[in-house]
Undergrad: 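Sharing a structure with you now.
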Amino acid sequence: MIAQADLGMLDGLERALLNGRLHMAYQPKVSLRDGSLRRVEALVRWDDPELGAVPPSRFVPLAERHGLIDDLTQWGLRTTLRQWRKWQDEGIDTDLAFNISAVSLDQLDFPDLVERMCRALAVPTERLVLELTEGATQPLIKLMDTLTRFRIKGIGLAIDDFGVGYSTLMQLRQLPFTELKIDRFFVQDSPQEQDSALIVRSIIDLAHGLGLSVTAEGVETPAQLRLLRALECDIAQGYLVSQPLAPDTLGAWYESWKKQ
Ligand code: C2E
Ligand code: CA
Ligand code: CA
Ligand code: CA
C-alpha cells in the first residue's frame with residue numbers, strides 16, 4: 001500500500017520533471033590547506049506551487065521506491081554537466097560532485113552513459129566525483145562491477161554520510177572509493193565533545209591510511225574549521241563556506257571568496 005500523501009507527491013514529482021519545475025543548487029567545497037575551491041556539489045531542489053519547497057530527503061527516497069529515480073538522476077546529471085561546462089567557459093575552475101542513488105547503479109551500462117554525457121559536453125571524467133550512500137535495500141558491495149567501471153573511466157567515488165546509517169569499515173576495504181565524507185553529525189559536536197573529536201580524528205587518519213581524501217560535511221563554525229584543519233582534513237563543506245547556491249551566483253561567490 002502506498003500512502004495517499006505519497007501518491008500525491010509522486011504525481012507532483014512526475015509533473016515537475018516533465019514541466020521543468022525542478023532545479024539544481026550547487027554548494028562549494030574548499031581546501032582546508034589553502035582555501036581554494038575544490039568541488040561543487042549538485043543538490044536537487046523542488047519548489048512545488050501546491051506543496052511548497054519539498055526537501056530531497058523526502059522525495060528522493062520516494063522516487064527510488066516508485067521507479068522515478070532513473071529519470072530524476074538523468075535529468076539532474078544532464079543539467080549539472082551543462083552548468084559545469086558553462087562555469088569552465090567562465091573560468092571557474094572546479095571539480096564536480098553529484099549524488100547518485102544506489103538504486104541507479106544496478107545497471108551495468110550506467111557508467112558508459114555518464115561517460116558519453118561527459119564527452120558530449122567536453123567535461124573531464126577525472127574531475128567528476130559521484131557521491132554514494134549505503135542504503136538498507138541496495139548494499140554497495142553488490143554494485144562492485146558498476147563501481148569498478150566508473151573508476152576505470154577515471155570517475156571518482158565518494159562514500160557519503162560516513163559514520164551514520166549503513167556505512168561500514170568493510171566497505172572501505174572492499175570498494176574502490178577515492179573520497180570519504182564525514183557526516184555532519186560528528187563534525188558539529190567536535191569542538192565541544194572529546195568523543196566526537198576523537199571519532200573525527202580516527203576517521204581522517206583511517207581514510208588517509210587507505211589513500212582516500214577526506215571531506216567534512218556541515219561545517220558551520222570557525223571552531224569546527226580550525227579543528228578540522230588541525231586534524232589535517234582535506235576539504236570543508238558547510239554553511240560557513242557557503243549555502244547551496246543558484247547556478248548564476250557561484251561566480252560572485254567565487255570572486256569574493258578568492259579575495260578573502
Ligand atoms: P547529502 O548528500 O549529505 O547533502 C548534504 C546536505 O546537507 C544538503 O541537504 C545540504 O543542503 C545540507 N548542508 C550543507 N551544508 C550544511 C551545513 O552547514 N549545515 C547543515 N545543517 N546542513 C548542511 P539537502 O540539499 O536537503 O539534501 C539532502 C540529501 O538528499 C542529500 O544529502 C542527498 O543524500 C540527497 N540528495 C540531494 N540531491 C540529490 C540528487 O540530486 N540525487 C540524489 N540521488 N540524492 C540527492
Ligand atoms: Ca552528498
Ligand atoms: Ca552527506
Ligand atoms: Ca545524506
Undergrad: Hey, what do you get for CG (Asp70) to CD (Glu64), rounding to the nearest 0.5 Å?
TA: 10.0 Å
Undergrad: Looking at Val44, Val40, Leu96, Val123, which one forms a side-chain contact (heavy atoms from CB on, under 4.5 Å) with Thr80?
TA: Leu96
Undergrad: With the threshold set at 4.0 Å, does a side-chain nitrogen-carboxylate oxygen contact exist between Lys153 and Asp112?
TA: yes
Undergrad: Kindly work out whether a path of hydrophobic side-chain contacts (I/L/V/M/F/W/Y, heavy atoms less than 4.5 Å apart) joins Leu180 to Leu210.
TA: yes
Undergrad: Any salt bridge linking Glu255 with Lys259? Criterion: basic side-chain nitrogen under 4.0 Å from a carboxylate oxygen.
TA: no
Undergrad: Does the salt bridge (Lys or Arg N to Asp or Glu O under 4.0 Å) test come out yes or no for Arg85 and Asp89, once each step is laid out?
TA: CA-CA 6 Å; Arg85 175 73 261 159; Asp89 295 342; 2.7 Å; yes
Undergrad: Do any N or O atoms from the side chain of Trp257 and from the backbone of Gly35 form a donor-acceptor pair under 3.5 angstrom?
TA: yes
Undergrad: Give a yes or no answer on whether the side chain of Arg151 reaches the backbone of Ile155 with a donor-acceptor pair at less than 3.5 Å.
TA: yes
Undergrad: Applying a strict under-4.5 Å side-chain criterion to I, L, V, M, F, W and Y, I'd like to know whether Leu143 and Ile152 cluster together.
TA: no
Undergrad: Looking at Tyr26 versus Trp87, is the centre-to-centre ring distance below 6.0 Å?
TA: yes
Undergrad: Taking side chain as C-beta onward, heavy atoms only, is Trp84 less than 4.5 Å from Pro124?
TA: yes
Undergrad: With side chain to side chain contact (heavy atoms under 4.5 Å, CB included) as the test, would you mind laying out the steps for Phe98 and Thr73 before giving the verdict?
TA: CA-CA 9 Å; Phe98 189 84; Thr73 301; 4.1 Å; yes
Undergrad: Work out which heavy atom in Gln88 is nearest to a heavy atom in Ala122; give both atom names and the distance.
TA: OE1-O, 4.3 Å
Undergrad: Taking 4.0 angstrom as the limit, do Glu50 and Arg15 come out as a salt bridge?
TA: no
Undergrad: Taking all atoms of both residues into account, what is the closest heavy-atom pair of Gly218 and Val187, and its distance?
TA: O-CG1, 4.1 Å
Undergrad: With the side chain counted from C-beta on, respond yes when Arg39 and Glu131 share a heavy-atom pair under 4.5 Å apart, and no when they do not.
TA: no
Undergrad: Is Pro247 close to His23 at the side-chain level, that is, under 4.5 Å between some pair of heavy atoms?
TA: no
Undergrad: Looking at every non-hydrogen atom in both residues, tell me the closest pair between Asp189 and Ser196 and how far apart they are.
TA: CB-OG, 3.4 Å
Undergrad: Counting only heavy atoms not in Glu220 (residues, nucleotides, ligands), do more than 12 fall under 6.0 Å from its CD?
TA: yes
Undergrad: Could you tell me whether Arg78 atom CZ has more than 12 heavy atoms of other residues or ligands within 6.0 Å of it?
TA: yes
Undergrad: For the CZ atom on Arg45, are there more than 12 heavy atoms of other groups (residues, nucleotides or ligands in this structure) within a distance under 6.0 Å?
TA: yes
Undergrad: Would Gln188 and Asp183 count as a side chain to side chain contact (heavy atoms under 4.5 Å, CB included) here? Give the steps.
TA: CA-CA 9 Å; Gln188 238 125 54; Asp183 194 80; over 6 Å; no
Undergrad: Go through the structure and list residues passing side-chain contact (heavy atoms from CB on, under 4.5 Å) with Leu240, not counting sequence neighbours.
TA: Val219, Pro222, Leu225
Undergrad: Walk me through it: do Leu22 and Leu13 pass the test side chain to side chain contact (heavy atoms under 4.5 Å, CB included)?
TA: CA-CA 9 Å; Leu22 298 174; Leu13 181 60; 4.2 Å; yes
Undergrad: Does any N or O in the side chain of Trp253 come within less than 3.5 Å of the main-chain N or O of Gln27, such that one atom is a donor and the other an acceptor?
TA: no
Undergrad: Provide the closest heavy-atom pair for Ala102 versus Thr133 in the form atom of the first, atom of the second, distance.
TA: CB-O, 4.2 Å
Undergrad: Atom CZ of Arg184 and atom CD of Gln237: how far apart are they, to the nearest 0.5 Å?
TA: 10.0 Å
Undergrad: Is the side chain of Asp34 donor-acceptor paired with the backbone N or O of Ser36 at a distance under 3.5 Å, no angle test?
TA: yes
Undergrad: Side-chain heavy atoms under 4.5 angstrom apart, residues restricted to Ile, Leu, Val, Met, Phe, Trp, Tyr: same cluster for Ile141 and Leu212?
TA: yes
Undergrad: How long is the gap from CD1 on Ile159 to OG1 on Thr178, to the nearest 0.5 Å?
TA: 11.0 Å
Undergrad: Any side-chain to backbone donor/acceptor pair from Asp234 onto Thr215? Under 3.5 Å, distance only.
TA: no
Undergrad: Can you name the closest pair of heavy atoms from Phe186 and Phe162 and give their distance?
TA: CE1-O, 3.9 Å
Undergrad: What's the spacing between Leu147 CG and Gln174 CD if we round to 0.5 Å?
TA: 12.0 Å
Undergrad: Rounded to the nearest 0.5 Å, what separates atom CH2 in Trp46 from atom CG in Leu51?
TA: 5.0 Å
Undergrad: Any donor and acceptor pair, going by atom type alone, linking the side chain of Thr146 with main-chain N or O of Asp106 inside 3.5 Å?
TA: no
Undergrad: Is there a continuous path of hydrophobic side-chain contacts, each under 4.5 Å between heavy atoms, that joins Leu157 to Ile100?
TA: yes
Undergrad: Find out if a path of hydrophobic residues (ILVMFWY) with successive side-chain heavy-atom gaps under 4.5 Å connects Met144 to Leu108.
TA: no
Undergrad: What pairs with Asn99 under side-chain hydrogen bond (donor to acceptor under 3.5 Å, both in side chains), at least two apart in sequence or on another chain?
TA: Glu41
Undergrad: Charged N to carboxylate O below 4.0 Å: is that the case for Lys86 and Asp248?
TA: no
Undergrad: Would a distance-only check, ignoring hydrogens and angles, find a side-chain to backbone donor-acceptor pair under 3.5 Å from Arg38 to Lys29?
TA: no
Undergrad: Would you say Gln74 and Leu17 make side-chain contact, with heavy atoms under 4.5 Å?
TA: no
Undergrad: Taking all heavy atoms of Cys233 and all of Ile204, pick out the closest pair and write down the distance.
TA: CB-CD1, 3.6 Å
Undergrad: Please examine the side chains of Asp48 and Phe59, heavy atoms only from C-beta on, and report whether any two atoms are closer than 4.5 Å.
TA: no
Undergrad: What is the distance from atom CG of Leu7 to atom CG of Leu62, rounded to the nearest 0.5 Å?
TA: 9.0 Å
Undergrad: Please check if atom CD in Gln192 has more than 12 non-hydrogen atoms from other residues, nucleotides or ligands closer than 6.0 Å.
TA: yes
Undergrad: Closer than 4.0 angstrom, basic N to acidic O: yes or no for Lys181 and Asp161?
TA: no
Undergrad: I'd like to know whether Glu217 forms a side chain to side chain contact (heavy atoms under 4.5 Å, CB included) with Asp160, so could you lay out the CA-CA distance, the side-chain angles of the two residues, the decisive distance to 0.1 Å, and finally the verdict.
TA: CA-CA 9 Å; Glu217 301 194 283; Asp160 209 338; 3.3 Å; yes
